[in-house]
Amino acid sequence: MKVHDHEEVLFCNDSITGLRAIIALHDTTLGPALGGTRMWPYASEADALEDVLRLSRGMTYKSSLAGLDLGGGKAVIIGDPRTDKTEAMFRRFGRFVDSLNGRYITAEDVGMSLTEMVNIRKETRNVVGLPTTMGGSGDPSPVTAFGVFCGLKAAAKTAYGTDDLQKRKVAVQGAGNVGHNLVGHLLKEGATVYLTDIHDDKLAAIKAEHPAVNLVKPDEVIGLDVDIYSPCALGATVNDQTLPLLKCSVIAGAANNQLADEAKHGRALMEKGIVYAPDFLINAGGIINCAWELRGYNSKAAYAQAEEIYRTALSIFKRSEEENIPTYLAANQAAEQRVRSVREAGLGF
Ligand code: NAD
């Protein structure tokens with residue numbers, strides 16, 4: 001697969017509701033393209049297009065590696081999520097999703113809330129991540145956090161020869177839905193946990209629940225003397241500025257697109273001897289949860305499949321070592337290989 005070799009890109013414009021959206025189907029070889037809808041005040045349509053092409057490709061890789069029978073897709077809506085939302089706009093968007101006849105299934109992403117998902121659902125059945133009261137699977141974050149925890153353990157095993165976290169110091173950046181759940185898993189395993197967030201109320205809530213957690217300031221987290229750095233807030237936190245400051249041997253977290261420049265920083269981490277767990281490999285718990293919603297939700301099965309991330313991650317680290325390539329590249333190649341083999345055999349969706 002080359003970058004941007006997308007199957008279909010749909011521009012959804014509606015002058016009555018003011019909707020300006022783009023749906024990108026990157027690859028549906030393995031199954032219907034599943035990926036969230038993001039609402040963001042993009043400066044231009046070109047920026048929105050660039051983002052949706054990149055994000056939809058990432059979903060193909062994520063689902064492929066997670067062993068799901070799903071393809072990669074994503075949607076973006078151009079607008080300010082604080083001021084531009086109306087019921088009619090999201091119902092119109094739902095009609096566009098529906099017009100793809102099940103080749104695209106949407107879910108919640110940045111800038112969206114339950115209200116919009118409910119409005120989209122009025123016009124199409126092709127929505128997942130709905131609340132349990134509507135027959136959905138609810139918040140996917142606990143499953144995402146569990147998958148990240150499994151991937152983090154696999155990375156620790158690769159770096160230290162053991163996945164025992166009792167002597168490990170772990171810095172978690174971001175005390176949101178995933179970070180909160182991850183802290184619980186880490187403390188249960190006996191790790192020493194440092195946690196940061198830009199919102200003190202989130203930190204205080206976690207400290208009240210887990211008094212053993214050590215709180216640190218947001219600007220302290222990168223240079224902290226820890227074994228494992230777990231980015232669970234924003235993307236691009238591994239960049240030219242932060243790389244020289246990192247003291248860890250493992251990077252494993254939930255945030256999407258952690259490497260500011262995948263090729264450059266992926267290689268730099270390898271040269272520095274840091275085991276980097278590719279984000280799209282270990283944060284797949286959320287999409288695994290959504291996939292189970294499509295089949296008929298089964299929480300136990302979703303967790304069991306998220307646990308497989310441990311084994312998959314070990315195989316990616318092994319491939320990276322054997323071929324002397326960065327882990328992100330080993331993961332990309334494994335994802336592409338699965339799609340290609342199914343396509344070439346004339347199988348799939
Ligand atoms: P969230 O919005 O609940 O939490 C993110 C937290 O990061 C917030 O508490 C925010 O205050 C904090 N934060 C923002 N900037 C920060 C900074 N500079 N320093 C420290 N903290 C900062 O999001 P989430 O659902 O917990 O997801 C975390 C990350 O994982 C996101 O990048 C998300 O895209 C990714 N992800 C989430 C899921 C999921 O199921 N929730 C699935 C896959 C990927």
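The residues of the chain are indexed from 1 along the displayed sequence. Counting starts at 1 for both ligands and their atoms, following the listed order. The structure displayed is predicted, hence computed values, not measured ones.
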Please indicate whether any nitrogen or oxygen in [X] is less than 3.5 Å from any nitrogen or oxygen in ligand 1.
X: Asn256; value: yes
X: Asn283; value: no
X: Lys62; value: no

*Sequence neighbours excluded, which residues qualify as side chain to side chain contact (heavy atoms under 4.5 Å, CB included) partners of Asp279?*
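Asp279: side chain to side chain contact (heavy atoms under 4.5 Å, CB included) contacts with Gln258, Tyr276, Asn283.
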Minimum-distance protein heavy atom relative to [atom]:
atom: atom 39 (C) of ligand 1; result: Thr144 OG1, 3.5 Å
atom: atom 17 (C) of ligand 1; result: Ile198 CG2, 3.7 Å
atom: atom 3 (O) of ligand 1; result: Asn177 N, 3.0 Å
atom: atom 4 (O) of ligand 1; result: Gly176 CA, 3.2 Å
atom: atom 41 (N) of ligand 1; result: Ser141 OG, 3.2 Å

*Following the transitive rule for hydrophobic clusters with a side-chain heavy-atom cut-off under 4.5 Å over Ile, Leu, Val, Met, Phe, Trp and Tyr, establish whether Leu246 and Leu259 coincide in one cluster.*
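Leu246 clusters together with Leu259.
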Of the side chain and backbone of [X], name the one, both, or neither that has a heavy atom under 4.0 Å from an atom of ligand 1.
X: Val221; value: neither
X: Ala255; value: both
X: Val178; value: both

*Mind checking what makes ring-ring contact (aromatic ring centres under 6.0 Å, His included) contact with Tyr303, not counting sequence neighbours?*
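With neighbours one apart ignored, the set is Phe146.
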*Does the side chain of Phe317 reach to within under 4.5 Å of the side chain of Lys157, using non-hydrogen atoms?*
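In short, these two side chains do not touch, never coming nearer than 4.5 Å.
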*Find out whether Leu34 and Met59 are in side-chain contact, i.e. whether some heavy atom of one side chain is under 4.5 Å from a heavy atom of the other.*
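No, their side chains stay 4.5 Å or more apart.
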_As an exercise, state the distance from CG of Leu68 to CG of Leu294, rounded to the nearest 0.5 Å._
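Reported to 0.5 Å precision, the distance equals 10.0 Å.
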*Verify, without hydrogens or angle tests, whether Gln305 (side chain) and Ile288 (backbone) share a donor-acceptor contact under 3.5 angstrom.*
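A pair under 3.5 Å: no.
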*Can you figure out which of Cys290, Ala254, Cys232 has its heavy atom closest to atom 28 (C) of ligand 1?*
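Comparing heavy atoms across Cys290, Ala254, Cys232, the nearest one to atom 28 (C) of ligand 1 lies in Cys232.
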*Name the option, out of Asp197, Asp201, Leu234, Ile287, that contains the heavy atom nearest to atom 10 (C) of ligand 1.*
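Selected option, by shortest heavy-atom distance: Asp197.
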*Any protein heavy atom nearer than 4.0 Å to atom 21 (N) of ligand 1*: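 So atom 21 (N) of ligand 1 has protein heavy-atom neighbours under 4.0 Å.
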*Right, does atom 13 (N) of ligand 1 have protein non-hydrogen atoms nearer than 4.0 Å?*
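Yes, there is one.
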*Would you call Glu50 and Arg54 a salt bridge, taking side-chain N to carboxylate O under 4.0 Å as the test?*
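No, Glu50 and Arg54 are not salt-bridged.
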Under 4.0 Å from a heavy atom of [X]: give me the atoms of ligand 1 that qualify, with their elements.
X: Lys202; value: 8 (C), 9 (O)
X: Ala233; value: 7 (O), 13 (N), 16 (C), 21 (N), 22 (C), 29 (C), 31 (C), 32 (O)
X: His199; value: 11 (O)

_Under a 3.5 Å threshold, yes or no: a donor from one side chain and an acceptor from the other, between His6 and Asp27?_
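No - no donor-acceptor pair under 3.5 Å links their side chains.
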_If I compare all heavy atoms of Glu189 with all of Gln166, which pair ends up nearest, and what's the gap?_
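Looking at all heavy atoms of both residues, the closest pair is O-CG, 3.5 Å.
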*Mind running side-chain hydrogen bond (donor to acceptor under 3.5 Å, both in side chains) on Thr37 and Thr106 for me, showing each step along the way?*
CA-CA 6 Å; Thr37 295; Thr106 199; 2.5 Å; yes
